[in-house]
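Have a look at the structure below before the remarks.
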2 protein chains.
Amino acid sequence: MADTSTRTVERALLLLGAVCDRGRVSLAEAARDAELSASTALRLLRTLEATGFVRKDDAGYRPGMRVVQLGAQALSHESLVSLAEDALERLVGKTGESTYLNVPSHDGHGIYLAVKEGTHSVRHTSWVGRSIPLDGSAAGQVLAGRTPGAGYVIVRNGIEPDVTAIAAPVMTGDRVTAALSVVVPSYRISESQAKTIGMLVAAEAAGILNPAPMSTGDTA
Amino acid sequence: MADTSTRTVERALLLLGAVCDRGRVSLAEAARDAELSASTALRLLRTLEATGFVRKDDAGYRPGMRVVQLGAQALSHESLVSLAEDALERLVGKTGESTYLNVPSHDGHGIYLAVKEGTHSVRHTSWVGRSIPLDGSAAGQVLAGRTPGAGYVIVRNGIEPDVTAIAAPVMTGDRVTAALSVVVPSYRISESQAKTIGMLVAAEAAGILNPAPMSTGDTA
DNA sequence: AATTAGCGTTTCAATAAGTGAAATACAGAT
DNA sequence: ATCTGTATTTCACTTATTGAAACGCTAATT
């Protein structure tokens, strides 16, 4: 078990994660986050800096261009979107309603990263990349980490009148990466139907980054 | 200065870059790309895998969720979009036309990641996140790496009739990260005007990830 | 069928490389 | 003037990384 890991690299990546999580950290904070001595953290952060994965300014360390670049590449290529599309497809199949994948964008907004339109002739419509305010939307609450114990959020007639949005978090570890949501014309859905869909969405959302158990194990 | 780096980490990040660059690599390819011995590459890739930065399937290694996650975070926070917005602003200022930042999306499409509308009352209009086919569009050619020596691409009446698109690549090293484009109603622009704008766009695009020398230095 | 070529993987001894406590310097708060 | 927290450097210790070599495997090649 121990020989599969490379401690130095693990630590560096941990540090990178800490920097990206917080957006901006001081050396001491990062070191505490990653449980490293200041000197080690400093050395590793410098390596990350030299490779463009973090940038340093007066206030501390911040995510670097390389992260953005690789992230954009990966995000584009497939990954999240393609993984989510399966889930979106299934949700449309089961509900007939329009389904969306949202990620946080800048400044209190999120964007629709993937869209799968519903099959009802009266349905909610949006487009990939549309920006929505996080405040007051179901997806927004989810992305803000304010998902109640049930695992999903229902917002009736929030930002958009006449529609009910049901969203659940796509998690990576304990971070919310994206929100999966179903948006339904309010007149068509009862409270209990909404809850049923909520559980559906939550289940699909949970499966996106934690793929269902497969036979291919990491037996090593 | 050289001792500020941590070789193991550098190598791991190099490997990560190789994986993300190609989208999917075999161990041997990655090892060659990073100029590492197979055994070292394997060990490092396993660490990256264990931390979620790469995933492994039958076909090889691919970018992992962590990359997507951190990338999305960083990308949202600011970085590419906010950096590009300066350039977009300047282009609108100089041309009066709508300007866009495009990144490759999945399956032969790209999306508008940032938009700055022109000031003319008759102007091209689109929205953030709109998906466009890469094939036949100026941005598409740029994103596909098919930018001619001039450094920009002009497409007249391509996907959308009546409009002329002028795009240039946003590079990171030798990779195309995004495309910066200006879209103009064709009737308003001559061939030579298009070329002038082309050079403008190319210059702005070049500056986005290779910021121009500024007075605000990182004096360290 | 036998052979070659390439890949993924494991092993292991050599040593290169990372480690962290301690010391230094600095800045702000008490 | 003292204290607390930070960023940084140094250095002896030794752990953890390294890469050649060997292995088993699959897919072309002869």
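Chain letters run A, B, ... following the sequence lines, proteins first and then strands; every chain starts at 1. Values in this document were obtained by computation on a predicted structure and should not be read as measured data.
- For the pair Leu42(B) CG and dC23(D) C1', the computed distance is 14 Å after rounding to whole Å.
- The side chain to side chain contact (heavy atoms under 4.5 Å, CB included) search around Glu204(A) returns Ala87(A), Arg90(A), Leu91(A), Lys94(A), Leu180(A), not counting sequence neighbours.
- Between the CG atom of Leu48(A) and the CG atom of Leu15(A) there is a distance of 6.0 Å, given to the nearest 0.5 Å.
- In this structure, Arg43(B) and Arg46(B) have side chains that are not in contact, with every pair of non-hydrogen atoms separated by 4.5 Å or more.
- Annotation: side chain of Val92(B) is not in contact with side chain of Glu117(B) (no heavy-atom distance under 4.5 Å).
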task: Quick one, give me the B/S/- string for nucleotides 16-27 of chain C, reading 5' to 3', where B means a protein heavy atom under 4.0 Å from the base and S means that only happens at the primed atoms, P, OP1 or OP2.
output: SSSBBB------
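- Shown for residues 27-34 of chain A: residues whose heavy atoms fall under 4.0 angstrom of DNA chain D, namely Leu27(A), Ala28(A), Arg32(A).
- Considering only heavy atoms from C-beta on, Leu101(A) comes within 4.5 Å of Val170(A) through its side chain.
- Not counting sequence neighbours, Lys56(B) has no partner by the salt bridge (charged side-chain N to carboxylate O under 4.0 Å, His left out) test.
- Where the helix from dA1(C)-dT30(D) to dT30(C)-dA1(D) starts and where it ends, the local axes point in directions that differ by 30°; five pairs per end, rounded to 10°.
- Annotation: the span from Thr8(A) atom OG1 to Leu44(A) atom CG amounts to 7.0 Å, rounded to 0.5 Å.
- Taking a cutoff of 4.0 Å between a charged side-chain nitrogen and a carboxylate oxygen, Glu89(B) and Lys116(B) qualify as a salt bridge.
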Identify every side-chain donor-acceptor pair in residues 136-153 of chain B under 3.5 Å, counting partners at least two apart or on other chains, and give the distances.
from      : atom 1 : to        : atom 2 : distance (Å)
Ser137(B) : OG     : Pro133(B) : O      : 3.2
Ser137(B) : OG     : Leu134(B) : O      : 3.2
Ser137(B) : OG     : Gly140(B) : N      : 2.8

message: Between Val176(B) and Met171(B), does the side-chain contact (heavy atoms from CB on, under 4.5 Å) criterion hold? Intermediate values first, please.
response: CA-CA 5 Å; Val176(B) 179; Met171(B) 309 289 293; 3.7 Å; yes
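- Taking atom NZ on Lys56(B) and atom P on dC7(C), their separation rounds to 15 Å, with Å as the unit.
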